[in-house]
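Okay, structure first, notes after.
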There are 2 protein chains.
Amino acid sequence: MVETNRRAENRYGNRPTMKDVAARAGVGLKTVSRVVNGESGVTADTERRVQEAIEALGFRRNDSARVLRKGRTSSIGLVLEDLADPFYGPLSRAVEEVARAHGALLINGSSAEDPDREQELALALCARRVDGLVIIPAGDDHRYLEPELRAGVATVFVDRPAGGIDADVVLSDNYGGSYTGTAHLIAHGHRRIGFIGDQVGIHTAAERLRGYQAAMEDAGLPVHESWVSSGDTHPERVRKAAESMLTGSEPVTALFAGNNRVTVTAVRVLAGPGHHAALVGFDDFELADLLSPAVTVVAQDSAQIGRTAAERLFRRLGGTPLEAERIELPVRLIARGSGELPPAG
Amino acid sequence: MVETNRRAENRYGNRPTMKDVAARAGVGLKTVSRVVNGESGVTADTERRVQEAIEALGFRRNDSARVLRKGRTSSIGLVLEDLADPFYGPLSRAVEEVARAHGALLINGSSAEDPDREQELALALCARRVDGLVIIPAGDDHRYLEPELRAGVATVFVDRPAGGIDADVVLSDNYGGSYTGTAHLIAHGHRRIGFIGDQVGIHTAAERLRGYQAAMEDAGLPVHESWVSSGDTHPERVRKAAESMLTGSEPVTALFAGNNRVTVTAVRVLAGPGHHAALVGFDDFELADLLSPAVTVVAQDSAQIGRTAAERLFRRLGGTPLEAERIELPVRLIARGSGELPPAG
DNA sequence: CCCACTCTTGACAACGTTGTCCAGGCTCTA
DNA sequence: TAGAGCCTGGACAACGTTGTCAAGAGTGGG
């Protein structure tokens, strides 16, 4: 009686177990296990009886118990910034596809760019004993993962290197892409070019800024301090930054936007009255080609990044011993028009 | 020796357990459990010793074992069509936020609109013993979930009702939205309006088609058979459909696009030379306001849909007994210009 | 006809955690 | 100072599964 109560309270629905199936089919526990896992060594007749019992009871194997016994969960974790960001959708999907090909499920969570939340999430995933982790870092100290790495949790970082630990990282050629994009503007006659990017604490943002600066310097162009704006990518801040660059005492004739969100805001500003400037943005986005002018971008392939990271992770899981490596993927300048506007005042 | 080997082979890294922590701290197993779970009844001194041992060994509780014992996983599953689709990003994120507020993790997977894959995923999630499921159906028979529902897995469907079982569903007013969008075109003088939608087997697609037809009928307008095209949303098919409607013997002067992917393709077609027509699309999309003409849409709030579904799910998990319910969320016509083009030939 | 072998089957322990329950030591009061 | 009561800590079983191992049934060859 007490036993019954406890079960009814604690557990949902009191699901049938292999024991129940075994009892109903009149076979041993292990035989049920064999059938459920498609192992050999069960006669057709026995298997049929077991299958019938499974059907009748609506049995479904409890993977928690299985995991406990086997030590592998066949699931991997993905910590990203924001699932709703169009950059991460394809990335996440690509990771999922690779995981699926390896028979693994994907558990993911958004850090909302908060380092504490990143850590909380990553550790929660480790507590679930995911086999591996793909992390898009929000923070810059990942020593909290040391025990996990030692315990064999395969870990690959994406978009930015890990801080304080030695781990794989897959990222785009941010510096080179930014350099190329800026050079594109210079090649079309621009000499006063503004840069609006994300907070410099973020690795990608810093790299992209560096690429812009190098391109300017290599072209012998000065960079007026009012031409560089780094900070959060909130539309209002970006809008103000863009407007002051376009109307200041040293007005720019072109803008380089440090990421997709900045680019979109920049497009909106430039669509406003009286603002004419060329534009190149980092990250491609849907419909960029249909705007007028169509927006020239430095495109990174987020699906490719996700795929690369996930494949690396499964190679590690497969047992291949690998040194921590930095894998840099190329980016591609897609010229569509907005970068070719002449710097006519 | 044999024991050691087995562990080293099967398990990753041989993580420390509470037993190891207990041994190192010189306390009992249960005391470690108490410290880890923040339970009372442990002196400050004992707690400190245990904490030190945890730090030193890099112990992290194994949630699989915990789940096995407790019967609840504090995780929910989300089965959607494609994480990379911009409609599902915000939805997924919203579900995640609600889950987070309830201390649960989100496991998600893409069905790729394949019913078999949907089932495979949903059942895999059930095997992990997720506490609840949010499903965007790809198939139309969900009786395979009956044992799970009986076992207490809270389940909420999104976007389309479940087939063959009695379950909650959260969806947009597809019929009404489509009716309103079509009526908007009619109000601006269009009499020959084409409809391009997804496969009619899909509930939302059928409802939207119905809305279009009703609006036409209520306005006393005939619907020429060549004006309706249903099928997959592959750009090439949509492009052909649109072009034949625009250039056929009964050319349309306006298009109603049944979902965001169709809308985008339609925009591309209309941007081509010689094609002039008004356009209203179902689903809003980023930058719709920056195109020329800006695209008028019937917008559904995917984040709101996700939030509503997840909240419903957690109310069920909280123990509130609820009848299966159909929750229909309103949609909103956002007039931006492309719907107001006059039907001038 | 018996032995050796194979094939099927089931008993049992273990995975790492938490709930139950009891023991021992302490404090406080009469 | 003895007894009652409280607080801390630990032994043990159980969660549902799988790996190990051994027993029993059946088969074929000598």
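Keep in mind that this is a model prediction, so the values were computed, not measured.
The A:Thr43 side chain lies nearest to C:dT9 when the options are C:dT17, C:dT9, D:dT18. Distances from the side chain of B:Leu68 to the nucleotides C:dT8, C:dG16, C:dT17 place C:dG16 closest.
Comment: B:Glu97 does not engage B:Arg307 in a salt bridge, judged by the lack of any side-chain N to carboxylate O separation of less than 4.0 angstrom. For the pair B:Arg48 and B:Glu52, the salt-bridge criterion is met [side-chain N within less than 4.0 Å of a carboxylate O]. Ion pairing of B:Glu148 with B:Arg129 is absent here, as no side-chain N (NZ or NE/NH1/NH2) approaches a carboxylate O to less than 4.0 Å.
Along DNA chain D, the nucleotide closest to B:Ala65 and the one closest to B:Ser40 are compared, and the more 5′ of them pairs with B:Ser40. With DNA chain D read from its 5' end, the first of the two nearest nucleotides for B:Thr46 and A:Arg60 is the one closest to B:Thr46.
Other residues, nucleotides and ligands contribute at most 12 non-hydrogen atoms within 6.0 Å of the CG atom of B:Asp140.
Distance, B:Asp20 CG to C:dG16 P: 8 Å, rounded to whole Å. With rounding to whole Å, A:Lys19 atom NZ is found 6 Å from D:dC15 atom P. If you measure from atom CZ of B:Arg128 to atom P of D:dC15, you get 23 Å, rounded to the nearest angstrom. When the C1' atom of C:dC15 is taken as reference, atom CE of B:Met18 falls 14 Å away, rounded to whole Å. Rounded to whole Å, atom P of C:dT17 lies 9 Å from atom CG of B:Asp63. B:Lys70 places its NZ atom 13 Å from the C1' atom of D:dC15, with the value rounded to the nearest Å.
The nearest pair of heavy atoms linking A:Arg24 to A:Ala53 is CG-CB, 3.8 Å.
Between the base of D:dT17 and the side chain of A:Arg69 there is no donor-acceptor pair shorter than 3.5 Å.
Interatomic distance, B:Asp63 CG to B:Lys70 NZ, rounded to the nearest 0.5 Å: 10.5 Å. One finds the CZ atom of A:Arg128 at 9.5 Å from the CZ atom of B:Arg66 (value rounded to the nearest 0.5 Å).
Between the side chains of A:Asp82 and A:Ser110, not a single donor N or O lies within less than 3.5 Å of an accepting N or O.
Each end of the helix from C:dC1-D:dG30 to C:dA30-D:dT1 yields a helix axis from five base pairs, and these two axes differ in direction by 50° (to the nearest 10 degrees).
B:Arg61 has a side-chain polar atom (N or O) that falls below the 4.0 Å cut-off from OP1 or OP2 of C:dT18.
For A:Leu121, the side chain to side chain contact (heavy atoms under 4.5 Å, CB included) test picks out A:Val79, B:Leu105, with sequence neighbours left out.
Of the residues in residues 24-39 of chain A, those placing a heavy atom less than 4.0 Å from an atom of DNA chain D are A:Leu29, A:Lys30, A:Ser33, A:Asn37, in numerical order.
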